[in-house]
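Treat the numbers as computed from the prediction; the structure is a model and nothing was measured. Throughout, a chain's letter reflects where its sequence line sits, starting with A, and its residues are numbered from 1.
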2 protein chains.
Amino acid sequence: MGNSAQELAEAIEELSPQELICALVAQGVLTDPDSARGRLLNAAARLFEQKGYARTTVRDLAAEIGILSGSIFHHFSSKEQILCAVMREVTIFAGARMRSAAERSASPQERLKACIQSELEAIHGLAVPGFSILVVEWRSLSEESQQEVLRLREEYEQIWLDAISAAHCAGGDPALVRRLLVGALSHTYSWFKPRDNGLTISDLAGRILAIFAP
Amino acid sequence: MGNSAQELAEAIEELSPQELICALVAQGVLTDPDSARGRLLNAAARLFEQKGYARTTVRDLAAEIGILSGSIFHHFSSKEQILCAVMREVTIFAGARMRSAAERSASPQERLKACIQSELEAIHGLAVPGFSILVVEWRSLSEESQQEVLRLREEYEQIWLDAISAAHCAGGDPALVRRLLVGALSHTYSWFKPRDNGLTISDLAGRILAIFAP
DNA sequence: TTGAATACCAAGCGCTTGCTTGGTAGCGTT
DNA sequence: AACGCTACCAAGCAAGCGCTTGGTATTCAA
């Protein structure tokens, strides 16, 4: 799929995850992953994803970055604020990455596949960990924090709805298609391992596209 | 869809949830919901579903059925055993119900729709609560308990795979289609409310069928 | 040289958690 | 009437939890 000239062009345009992170940090919209706060957020994202929010203690988090549990509260006022911050940053990063992937697409079909692939990459932590938390641990967030992350998420969802509408998906209603996709994609976290040779994330995205936009 | 004579025949054949429960209780494969243990399992299913396993305390469970927290451990050896028992019973019940729904179907398409609708009904607690726990709280179960429930689940999944294979689903691989469906269907728990007029569970099942088996 | 700010440690507080223990009321059987 | 069994209560234990407090080392600006 795609000739090599086009692939080259895309490779040039595409920012690496690190470059994107740097850009967003410079904008002041993301925490520097090398700062203490950033390292804590990264550890939290990994642990919340692996063990779940409730089963991860602040002592676990502290041990992961080599400080004592009490010191955490110099950076965050509560454990829940850590979860909220992880969700915020993950939403912002995944949104920026998907937008850039979508914009690089020529056809509507290609754009939808870019969205699918981008979300799969986010779920499986190819650039930064923590995206799958957004679905799994949603109820662990207080009402207000939910509202806050939800507002951030709106533009992300708009990209999806536009892409689905343009791709003439089966079943009509883009909102329904998106809702089914959210579930289907996030659930891949518990069965699909990108390490498995035989099916890459790009392959999987193609298969899913074939079902939802035949 | 379907003429009224056929619908009548189905109505006669179909067991009500209560009748099915009674039959399974008589077989000794399900706990009598009127017994103390049964009432506890029902309360647990509801609370685990509403608040999540980790955020539901044994005191919550006890209060729900009007006993003290310590008395719980006359019926179960640990909180996790309650979760395991809920998952076991829910799996058995949903399996029996889906099997009977699938068998009542004439065509492969109809059979797949029956599976989709049956799982949607299970997820949204139309007969008994707790089915959505199977996906959401899977990681709260110990390794051994997971294995135990998994073994029970195998025949349930086989019904699905057969139905998907027979219905010539888009995308080919029935295992992949099933995995996407597991995610898509279980996620409906967090956005679809059967009370909403405008879209019934049967409608939703039809829409989903149209996407996955066009 | 001083002072404020930052990032962390050391210790532990108050509370909640799952679970235990010892006892008792009610009931069916002999 | 005596027994044993089931189902529960009353009380609380030990551990783990999120979080607080008071203090210290380092840094950097004035």
Side-chain angles (χ1 to χ4, degrees), chain A residues 25 28 31-87 133 137 139-146, chain B residues 25 28 31-87 130 133 137-146:
Chain A
V25 169
T31 302
D32 178 8
D34 290 329
S35 69
R37 186 190 153 101
R39 273 179 287 123
L40 182 53
L41 285 177
N42 248 287
R46 260 182 295 117
L47 290 181
F48 290 165
E49 205 156 53
Q50 278 172 31
K51 316 204 305 174
Y53 174 75
R55 282 177 296 278
T56 303
T57 69
V58 293
R59 284 167 179 82
D60 292 334
L61 293 178
E64 193 75 8
I65 61 167
I67 61 172
L68 290 189
S69 68
S71 308
I72 293 221
F73 298 93
H74 268 274
H75 301 282
F76 294 93
S77 62
S78 70
K79 185 189 172 188
E80 197 229 315
Q81 278 302 307
I82 303 178
L83 178 61
C84 183
V86 168
M87 289 192 174
I133 299 173
E137 299 293 353
R139 288 187 308 173
S140 300
L141 223 53
S142 71
E143 197 80 30
E144 311 128 46
S145 301
Q146 282 188 12
Chain B
V25 169
T31 303
D32 179 6
D34 291 330
S35 69
R37 185 189 152 101
R39 272 179 288 122
L40 181 53
L41 284 177
N42 248 287
R46 260 182 296 117
L47 290 182
F48 290 166
E49 205 155 54
Q50 278 171 32
K51 315 205 303 172
Y53 174 75
R55 283 177 296 278
T56 303
T57 69
V58 294
R59 284 166 179 83
D60 292 335
L61 292 177
E64 192 75 9
I65 62 168
I67 61 173
L68 290 189
S69 67
S71 308
I72 292 222
F73 297 92
H74 269 273
H75 300 283
F76 294 93
S77 61
S78 70
K79 185 189 172 188
E80 198 229 314
Q81 278 302 307
I82 302 178
L83 178 62
C84 183
V86 167
M87 288 192 176
I133 300 173
E137 299 293 352
W138 188 246
R139 288 187 309 173
S140 301
L141 222 54
S142 72
E143 197 79 31
E144 311 128 46
S145 301
Q146 282 187 12

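- A:K51 places no side-chain N or O within 3.5 Å of a backbone atom of A:T57 that could act as its donor or acceptor partner.
- The nearest whole Å value for the distance from the CG atom in A:L83 to the P atom in D:dG18 is 12 Å.
- The interatomic distance linking A:D60 (CG) with D:dG18 (C1') rounds to 13 Å, in whole Å.
- The phosphate of C:dA7 (OP1 or OP2) has no side-chain N or O of A:S71 nearer than 4.0 angstrom.
- Using a 4.5 Å heavy-atom cutoff, the side chains of A:E49 and A:E137 are not in contact.
- Distances shown here put every side-chain N or O of A:H74 at or beyond 4.0 Å from the OP1 or OP2 atom of D:dT20.
- The nearest whole Å value for the distance from the CZ atom in A:F73 to the C1' atom in C:dA10 is 16 Å.
- Summarising the geometry, the separation between CG on A:L61 and C1' on D:dG16 is reported as 15 Å, rounded to the nearest angstrom.
- Atom P of nucleotide C:dA11 and atom CD1 of A:I67 are separated by 17 Å, given to the nearest angstrom.
- Remark: the A:S69 side chain and the D:dC19 base include a donor-acceptor N/O pair separated by less than 3.5 Å.
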(request) Check the pair B:Q81 / B:S145 against side-chain contact (heavy atoms from CB on, under 4.5 Å), numbers first and verdict last. (result) CA-CA 8 Å; B:Q81 278 302 307; B:S145 301; 4.2 Å; yes
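- Contact annotation: the side chain of B:F73 approaches that of B:V58 to within less than 4.5 Å [non-hydrogen atoms, C-beta and beyond].
- Each of A:R59 and A:L68 lies near DNA chain C, and the nucleotide nearest A:L68 is the one positioned closer to the 5' end.
- Side-chain N/O atoms of A:H75 include none lying less than 4.0 angstrom from OP1 or OP2 on C:dT6.
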